[in-house]
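Order of appearance sets the numbers: ligands from 1, and atoms from 1 within every ligand.
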Amino acid sequence: MAIREIVIYPADILKRPCQKVENFDDALKTLVEDMAETMYAAPGVGLAANQINVDARVFVIDVAEGDECELHVFVNPEIVAREGEIEWEEGCLSFPEMLVNVQRSQKVKVRAQRVDGELFELEAEGLFAVAVQHELDHLNGVSLADKVGYLRKKMMLKDLQKIKKKRHIEE
Ligand code: NI
């Protein structure tokens, strides 16, 4: 297992749809393990494959509180039902030190595959549902920068430049 480098917006890979996973092989298992390790180390509650520069429809989520650990892996996910509305102040590992208010569905039903290819369905609500929608957005090339107006986006890009520079100097 390895902690991978997290891609910061506006990297191209964050702006285009990811490809469907066709091979449920050892490489996929390793990818998922690395994604989980990278997410926990960050720490974050969700991570999409393109956030570590991998073009694949995979994301991991863990919204368990405190020391609990409850890893959910979604391969080729799709939302098949939605209900209600919720507004959440969302962060994103590709937008460090930023929060954006986003309107989401309060409840979602997701259909996806496990790391071995087995199909499953799951219902999520609240923070879990928000995380599913946020990560699925990533796989479709959509991120927090697409949830704000033109001026806010410009400001976010400027701030991200500064953050990247600062991190580069610290390294
Ligand atoms: Ni994100």
Side-chain angles (χ1 to χ4, degrees), residues 2-21 28 31-65 69-79 82 85-108 110-113 115 122 124-150 152-164 166-167:
I3 294 174
R4 309 259 195 117
E5 193 183 331
I6 294 171
V7 172
I8 304 298
Y9 193 86
D12 279 346
I13 192 145
L14 296 175
K15 296 195 276 189
R16 47 172 202 252
C18 294
Q19 293 193 46
K20 196 176 172 201
V21 172
L28 180 65
L31 170 66
V32 165
E33 283 171 10
D34 286 357
M35 285 173 64
E37 198 179 350
T38 304
M39 174 182 75
Y40 288 127
V45 296
L47 187 75
N50 47 345
Q51 290 185 276
I52 55 162
N53 218 9
V54 175
D55 184 359
R57 298 190 75 81
V58 184
F59 62 72
V60 293
I61 288 177
D62 188 339
V63 290
E65 283 174 29
C69 185
E70 200 182 333
L71 181 67
H72 295 276
V73 178
F74 299 82
V75 181
N76 298 327
E78 50 180 324
I79 290 174
R82 300 172 176 273
E85 265 182 51
I86 191 171
E87 187 176 294
W88 207 276
E89 198 174 41
E90 298 180 17
C92 178
L93 296 174
S94 296
F95 293 80
E97 300 171 36
M98 286 178 195
L99 291 170
V100 174
N101 278 312
V102 186
Q103 299 283 342
R104 302 284 191 188
S105 301
Q106 206 273 333
K107 254 178 157 178
V108 292
V110 196
R111 186 176 296 150
Q113 285 168 282
V115 73
L122 173 149
E125 62 180 308
L127 173 60
F128 191 13
V130 167
V132 164
Q133 292 165 86
H134 178 113
E135 301 311 331
L136 189 55
D137 269 355
H138 275 303
L139 301 187
N140 293 327
V142 173
S143 56
L144 291 182
D146 302 302
K147 304 289 183 187
V148 298
Y150 172 73
R152 174 87 198 271
K153 184 171 174 174
K154 245 183 129 169
M155 274 159 47
M156 284 167 77
L157 284 165
K158 260 194 182 163
D159 289 343
L160 287 166
Q161 282 293 340
K162 277 187 216 155
I163 288 164
K164 270 200 277 190
K166 197 174 83 186
R167 288 190 172 184

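A side-chain N or O of Q103 and one of E87 form a donor-acceptor pair less than 3.5 Å apart. Under the 3.5 Å distance criterion, with hydrogens and angles disregarded, no donor-acceptor pair is assigned to the side chains of N101 and E89. Defined by atom type and a distance below 3.5 Å, a donor-acceptor pair is missing between the side-chain atoms of Q51 and R4.
The salt bridge (Lys or Arg N to Asp or Glu O under 4.0 Å) test with R104 is passed by exactly one of E90, E85, E125, E135: E90.
Around the Ni ion (ligand 1), the protein atoms of type N, O or S that sit closer than 2.8 Å are C92 SG, H134 NE2, H138 NE2.
Judged as a side chain to side chain donor-acceptor pair (under 3.5 Å), the pairs with a partner in residues 37-46 (not counting sequence neighbours) are, in order, Y40-D62.
Y9 OH to D146 CG: the interatomic distance, rounded to the nearest 0.5 Å, is 5.0 Å.
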